[in-house]
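Some notes on the structure that comes next.
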Amino acid sequence: MPELPEVEVLVRHLRRTLPGKIVRSVQVNRAKSLRPTSGRQFRLRLTGARFTAISRRGKYMIFELRSRSGGETVRLLGHLGMTGRMFLALKKARIPKHAAVVFDLGRTNFVFEDTRYFGRLSLDLSAVEKLGPEPLEDDFTPEAFAKELKRSRQAIKVKLLDQSVVAGVGNIYASEALFRARISPKKAANQLKQQRIKALRGAIREVLTEAIEFGSTVPVNFDGAKSDGLFYFGRAPGAPDYYEERLRVYDRAGKPCPECGTPIRRIVQAARSTFFCPTCQKV
DNA sequence: CACCATGTTCCTTG
DNA sequence: CCAAGGAACATGGT
């Protein structure tokens, strides 16, 4: 499911349902998903605690709970990796095969399911300290962005995936933002002119904001069954037409560029696919 | 069998 | 110390 917009949409959903719920017990099926927290530590700290708030930083989710004794705040860091999902499900619902953690909340279960187990749910919050600015907040200024980019000769596409430069952009929206800014993914980060950097910053914000809006219109299925196929590539029933081809280049190799008709190309950078229009993205 | 997949971290090399 | 590249983690779809 997961780049910044998908996580943001999920956080907004959970915010409506999770606060107030008390953890009766915790079932840890995959202790590695808690790293570096141990299963024992995890259960001890969370059993009896009440969810109070949920926030997001980059692709990370931060759950706040009040401990059973009432005094202290417990923070939980969640990351969905490539295939992670979190959802509330009725007790009678079948627990998915790759459920890493299941919280018993009384009437419902709160499930962290993660097929590939790249995700994480941990008491260790230190990962967020390494993150760069939130792209949709005010401190993601063109100047701060430029300062980061000037220090690197890496290809700009690869640099956009560096979470210490800007937090939350992933492989899909990196290609999409570069397309909108008309910048070649192969361009060295430190070769970009200030004007192009400004345009790229704007494109990142635009792409992420539109994705959040789109995700908010989609009926996400929190019973767990396929909630993301629709989110990424499809369109909600009755959603506006302009969302139909929401992604303009990602996963569209060989298809015509929506601007000029040139076939979209796929290249590999840092072992990940990049999609771009060789005609529109020349800078 | 091959190759592909929304992510991060660790190790090596320079 | 650093930047940069590649492997590793793990499972499933085509």
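Here is the naming used below: chain letters follow the sequence lines, and residue numbers restart at 1 for every chain. The figures that follow rest on heavy atoms only: side chains count, while hydrogens, waters and symmetry mates do not.
Nucleic acid contact for A/K130: none, since no nucleic acid atom lies under 4.0 Å from a heavy atom of the residue.
Applying the 4.0 Å criterion to OP1 and OP2 of C/dA4, one finds that A/S152 has a side-chain N or O inside that range. OP1 and OP2 of C/dT11 both lie 4.0 Å or more from every side-chain N or O belonging to A/H98.
The listed nucleotides are B/dA5, B/dT8, C/dG12; the one nearest the side chain of A/R116 is B/dA5. If you check C/dG5, C/dG12, B/dA5 against the side chain of A/Q154, the one that comes closest is C/dG5.
A stacked arrangement is not assigned to A/Y117 and the six-membered base ring of C/dA10, the conditions of a centre distance below 5.5 Å and an interplanar angle below 30° not being jointly met. For C/dC9, the base is stacked against the aromatic ring of A/F118, per a cut-off of 5.5 Å between centres and 30° between planes.
In DNA chain B, runs of at least 3 consecutive Watson-Crick or G-U pairs, each pair with both distances below 3.5 Å, span B:2-5 with C:11-14, B:7-14 with C:2-9.
With a 6.0 Å cutoff to the six-membered ring centre and a 45° limit on the axis angle, A/R30 counts as a cation-pi contact of A/Y117.
Residues of residues 29-40 of chain A having a heavy atom closer than 4.0 Å to DNA chain C, listed by number: A/R30, A/K32.
Heavy-atom distances to DNA chain B give each of A/R272 and A/V268 a nearest nucleotide, and the one nearer the 5′ end belongs to A/V268.
The distance between the ring centers of A/F179 and A/F276 does not fall below 6.0 angstrom.
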